[in-house]
Amino acid sequence: MRLLFLAVLRPHTGNAVTAGRLRDHLEAAGHMCVLRDAFDFESPSEIANLIVDENLEAALALHLYRGGRLLQGHSIPFGVIFGGTDLNEDANHKEKKEVMGKVLEEARFAVAFTEAMKDTAQVQWPHATGKIFVQSQGIATIPNANFNWNTFLQQSLEIDQSADNLYIFLIICGLRPVKDPLYLVDAFSEWHQETPNVYMVIVGPEVDPVFTREVKERVRRAAGVRLIREMCQEDLHAVVKSCFALVNSSVSEGMSAAILEAMDLEVPVLARNIPGNSAVVEHGVTGLLFSNPQEFIQLAKRLVSDPALEKEIVTNGREYVRTHHSWQVERDTYQRLIRKLETNLEE
């Protein structure tokens with residue numbers, strides 16, 4: 001089939017990485033996948049022209065509101081994938097909720113990353129019960145074997161201390177309010193002034209220009225905190241593998257690929273205790289959950305001083321990812337679901 005795949009494709013964001021991985025799954029099954037950024041289109045009529053021009057037969061959208069609404073009213077069958085924004089933010093807006101309900105009426109199937117997301121969706125849109133499937137994100141990490149950690153510390157982070165005695169806490173996120181990268185900055189900066197070998201590094205693309213200026217200004221004044229631009233996936237995975245811990249401080253998440261990738265790379269995770277994070281991080285087992293900056297500092301100090309805890313969390317985290325976030329299972333699921341669209345074409 002010739003498939004249209006709509007997603008938000010800001011470079012180096014979780015959405016873009018997920019979309020690229022799913023496109024590979026579909027193309028491996030012999031489909032021709034046209035991946036387009038949903039933000040490049042303003043109305044379904046523009047999509048109608050694309051369908052004709054590219055001779056497209058079916059479609060898939062990552063995010064019901066941002067992408068799925070553009071697929072309504074066309075002659076081709078489509079499926080949708082819930083994003084965290086759909087359920088955590090857009091469902092709270094009356095008009096957007098109505099639009100997403102209509103998308104679900106027309107969609108042949110919908111995918112949620114977790115059982116909790118499926119349950120939330122079924123409460124919001126009861127008519128969709130029966131067409132929502134759960135498939136967690138599949139994880140495959142590819143760290144750059146030639147990445148030089150010491151050079152990165154000195155040149156990109158301007159840290160001159162020996163790497164052997166450093167504790168780098170890494171936050172990976174697009175710079176926008178929902179990711180809340182400033183949540184821990186003040187508390188962490190105080191800790192750094194007591195313990196100069198701990199650093200927090202925020203890495204990610206400048207998504208929201210106004211918020212980015214605020215982040216840069218706060219980080220500039222914060223001792224022990226660094227901010228760097230996004231990097232390619234292989235280098236980012238190498239940075240994750242070399243850091244002490246991966247931190248997620250988001251206000252809301254669908255399913256954080258960065259958390260799962262850290263687990264796969266055997267790096268401990270400290271995550272803000274929100275539904276999207278607690279769905280994949282079991283406190284004290286596969287990671288540590290915090291509810292405020294003070295609790296984060298307590299847990300971070302405990303992790304630094306307790307190598308046995310670190311080892312246990314890393315072992316459990318990696319096992320969890322291998323068991324529940326299989327790349328191959330994800331591939332099989334999407335290839336099976338896309339066949340539902342082929343069946344619709346044949347009818």
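What you see is a predicted model, and the numbers here were worked out from it, not measured in a lab.
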Excluding sequence neighbours, so at least two apart, what forms side-chain hydrogen bond (donor to acceptor under 3.5 Å, both in side chains) with S291? none

Kindly give the heavy-atom pair with the smallest separation between I132 and A121, and that separation in Å. CD1-CB, 3.8 Å

Any side-chain heavy-atom pair of Y334 and V111 under 4.5 Å: yes

Please report the C-alpha distance between E230 and R10 in whole Å, then the side-chain angles of each, then the deciding distance to 0.1 Å, and finally whether the salt bridge (Lys or Arg N to Asp or Glu O under 4.0 Å) criterion is met. CA-CA 11 Å; E230 68 270 26; R10 291 190 193 98; over 6 Å; no

Heavy-atom closest pair (Y199 atom, R226 atom, distance to 0.1 Å) is CE2-NH2, 3.8 Å

Between the side chain of H127 and the main-chain N/O of G101, is any donor-acceptor distance below 3.5 Å? yes

Presence of salt bridge, R36 and E54, under 4.0 angstrom: yes

Over all atoms of both residues, closest heavy-atom pair of V103 and V80: CG1-CG1, 3.9 Å

Which side-chain N or O atoms in residues 24-33 pair as donor and acceptor under 3.5 Å with protein atoms at least two apart or in another chain?
residue : atom : partner : partner atom : Å
H25     : ND1  : R331    : NE           : 3.0
H25     : NE2  : E330    : OE1          : 2.8
H31     : ND1  : M1      : N            : 3.2

Between atom NE2 of H325 and atom CD of Q137, what is the distance when rounded to the nearest 0.5 Å? 8.5 Å

V8 reachable from L3 in the ILVMFWY side-chain graph, under 4.5 Å edges: no

Without swapping roles, check the side chain of R318 against the backbone of N316 for a donor-acceptor pair under 3.5 Å. no

Side-chain heavy atoms under 4.5 angstrom apart, residues restricted to Ile, Leu, Val, Met, Phe, Trp, Tyr: same cluster for V267 and I202? no

Quick check: does any side chain N or O of S189 sit under 3.5 Å from a backbone N or O of G224, one acting as donor and the other as acceptor? no

Please tell me whether I51 and L62 are part of a single hydrophobic cluster in this structure, the criterion being side-chain heavy atoms less than 4.5 Å apart. yes

So how far is it from I139 CD1 to M255 CE, rounded to the nearest 0.5 Å? 8.5 Å

Shortest non-hydrogen contact from L170 toward C243: CB-SG, 4.0 Å

Between the side chains of T120 and Q124, does any donor sit under 3.5 Å from an acceptor? no

pair F290-I297: side-chain heavy atoms closer than 4.5 Å: no

Student check: side-chain heavy atoms of L309 and L303 closer than 4.5 Å: yes

What's the verdict on side-chain contact (heavy atoms from CB on, under 4.5 Å) for V203 and V239, showing C-alpha distance, side-chain angles and the deciding distance? CA-CA 10 Å; V203 55; V239 170; 5.9 Å; no

Mark yes or no for whether W125, through its side chain, and E105, through its backbone, hold a donor-acceptor pair below 3.5 Å. no

Taken to the nearest 0.5 Å, the spacing of L236 CG from F147 CZ works out to 9.0 Å

Does E253 come within less than 4.0 Å of K179, counting only side-chain N to carboxylate O? yes

Looking only at the side chains, is there a donor atom on one of Y320 and E282 sitting less than 3.5 Å from an acceptor on the other? no

Given the rule in the side-chain contact (heavy atoms from CB on, under 4.5 Å) test, do R176 and T13 qualify, once you have shown the distances and angles that lead to the verdict? CA-CA 11 Å; R176 53 193 180 112; T13 60; over 6 Å; no

Between the side chains of Q135 and T333, does any donor sit under 3.5 Å from an acceptor? yes

Note, Q298 side chain near K301 side chain (heavy atom, < 4.5 Å): no

Does NZ in K241 sit with more than 12 non-hydrogen atoms of other residues, nucleotides or ligands closer than 6.0 Å? no

Residues K102 and E98 bridged, charged N to O under 4.0 Å: no

Heavy-atom check, side chain of I159 versus side chain of I168, under 4.5 Å: yes

Polar side chain donor-acceptor pair, D332 to Q328, under 3.5 angstrom: yes

Are L246 and L166 co-members of a hydrophobic cluster defined by side-chain heavy atoms under 4.5 Å apart? yes

Please report the shortest heavy-atom distance between G284 and E312, naming the atom on each side. O-OE2, 4.4 Å

Can you check whether A223's main-chain N or O pairs, donor with acceptor, with H192's side chain at less than 3.5 Å? no

Do N248 and V269 have side chains that get closer than 4.5 Å, going by heavy atoms? no

Per ring pair (Phe, Tyr, Trp, His ring centres under 6.0 Å), W191 is matched among Y167, F296, F169 by F169

Determine whether a donor-acceptor pair (N or O, by modelled atom type, separation under 3.5 Å) exists between the side chain of D86 and the backbone of L64. yes

Verdict with supporting geometry, T85 and V178, side-chain contact (heavy atoms from CB on, under 4.5 Å): CA-CA 9 Å; T85 308; V178 72; over 6 Å; no

Results of salt bridge (charged side-chain N to carboxylate O under 4.0 Å, His left out) for R218 - residues two or more places apart only: D186

Using a 6.0 Å distance limit plus a 45 degree cone around the ring axis, check whether K96 lies over the aromatic ring of Y65. yes

Any side-chain heavy-atom pair of L157 and V201 under 4.5 Å: yes

Would you please test V280 and T286 for side-chain contact (heavy atoms from CB on, under 4.5 Å) and show each step? CA-CA 8 Å; V280 294; T286 58; over 6 Å; no

Kindly compute the distance separating CG (L104) from OG1 (T129), expressed to the nearest 0.5 Å. 10.0 Å

Taking salt bridge (charged side-chain N to carboxylate O under 4.0 Å, His left out) as the test, write out the residues that go with R302, two or more places apart. none

Residue set satisfying salt bridge (charged side-chain N to carboxylate O under 4.0 Å, His left out) with E261, at least two apart, ordered chain then number -> none

Hey, does K131 have a side-chain heavy atom less than 4.5 Å from the side chain of K340? no

For E310, all residues meeting salt bridge (charged side-chain N to carboxylate O under 4.0 Å, His left out), sequence neighbours excluded: none

Is E42 atom CD crowded by more than 12 heavy atoms from other residues, nucleotides or ligands, each under 6.0 Å away? no

Which atom names give the shortest non-hydrogen contact between I142 and H237, and what distance separates them? N-ND1, 3.0 Å

Working to the nearest 0.5 angstrom, can you tell me the gap between L270 CG and L299 CG? 6.5 Å

Measure from NZ or CZ of R272 to the centre of the six-membered ring of Y183, then state whether that distance is under 6.0 Å and the direction lies within 45° of the axis. yes

